[in-house]
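To start, the structure under review is shown below, and the notes come after it.
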2 protein chains.
Amino acid sequence: MSINTYEYDEVKELSRLFKLLAEPNRLNILCNLGMECRPVSDIISATGLSQTNVSFHLRTLREAGLVRPERRGSFVYYCLPDVKLLSLLEQTKEWIKLRREA
Amino acid sequence: MSINTYEYDEVKELSRLFKLLAEPNRLNILCNLGMECRPVSDIISATGLSQTNVSFHLRTLREAGLVRPERRGSFVYYCLPDVKLLSLLEQTKEWIKLRREA
DNA sequence: CACACATATGAGTATTAACACATATGAATA
DNA sequence: TATTCATATGTGTTAATACTCATATGTGTG
């Protein structure tokens, strides 16, 4: 007897995504990338994080397919491959804001 | 010089929410609650988790305002106070599915 | 090829959080 | 009030992961 309308595997996959988004520095990198491609050096100066740390988070995001690297000369540019994710983040932010006011 | 269109505080708040959703058992509890109010005992049997563990996760969700407890006799029913969250979860699941197929 | 710059990786450390166990609280009923 | 059922909480352990330091890889240029 179960109240499940969700497959547990689906839930696990969903939670895997949320875990990626749950680290503030990593999420900050994602949010600030927006739909523009930026070299790592830009991300470093924008976030104020160490080079190593940015690289560390970019690897995680890259391996999950949430950002895509693109080499241009000696620089590596990173971009979001999908607008939809940003829109989901935006909606969630809106929800938080409404909830706070309520 | 920053590429930020997001306030960092906003990002941190967003990440706090994602952290709550990132634990698979906790997310499972949330998803399966749906918009119905259910006693803890139901959640325990539906998830197969220990009583202590369910209580532990419910506390986290409760303190974050993601679920609301309601005592009815010796039972405590839990409900989601807001449909919008479920809809966000649903959209995110859809996004994952589309992405997997692409 | 040597050197400088941009980025990535491996190892070690420290913090966090999920979970179990034991126990406490609270409600109902005898 | 004693007992039982439903749920909550405190403490300790363990596993995961964010971060740093040192170093490696890769690319362009003299």
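Quick note on labels: first sequence line is chain A, next is B, and so on, each numbered from 1.
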Worksheet item: Taking a hydrophobic cluster as the set of Ile, Leu, Val, Met, Phe, Trp and Tyr residues connected by side-chain heavy atoms closer than 4.5 Å, whether directly or through intermediates, do L86(B) and L88(B) fall within one such cluster?
Response: yes
Item to complete: Please identify each residue that fulfils salt bridge (charged side-chain N to carboxylate O under 4.0 Å, His left out) with R71(B), with sequence neighbours left out.
Response: none
Worksheet item: Would you say N53(B) reaches dC21(C)'s phosphate, i.e. side-chain N/O to OP1/OP2 under 4.0 Å?
Response: no
Discussion item. Does a side-chain N or O of Y78(A) approach OP1 or OP2 of dA6(C) to a distance below 4.0 Å, or not?
Written reply: no
Practice prompt. Note the angle between the end axes of the helix from dC1(C)-dG30(D) to dA30(C)-dT1(D), five pairs defining each, rounded to 10 degrees.
Written response: 10°
Worksheet item: Would you say T52(B) reaches dC19(C)'s phosphate, i.e. side-chain N/O to OP1/OP2 under 4.0 Å?
Response: no
Worksheet entry | 5' to 3' contact window, DNA chain D with chain A (heavy-atom distance under 4.0 Å) | dT17(D) to dG28(D)
Discussion item. Would the base of dA6(C) count as contacting Q51(A) through its side chain, where contact means a donor and an acceptor less than 3.5 Å apart?
Written reply: no
Fill in: pair R99(A)-L66(B): side-chain heavy atoms closer than 4.5 Å
yes
Practice prompt. Starting at atom CZ of F56(A), determine the distance to atom P of dA6(C), rounded to an integer number of angstrom.
Written response: 23 Å
Worksheet entry | Ionic contact status for R72(B) with E70(B), cut-off 4.0 Å | yes
Worksheet item: Salt bridge or not for E90(B) and K93(B), using N-O below 4.0 Å?
Response: yes
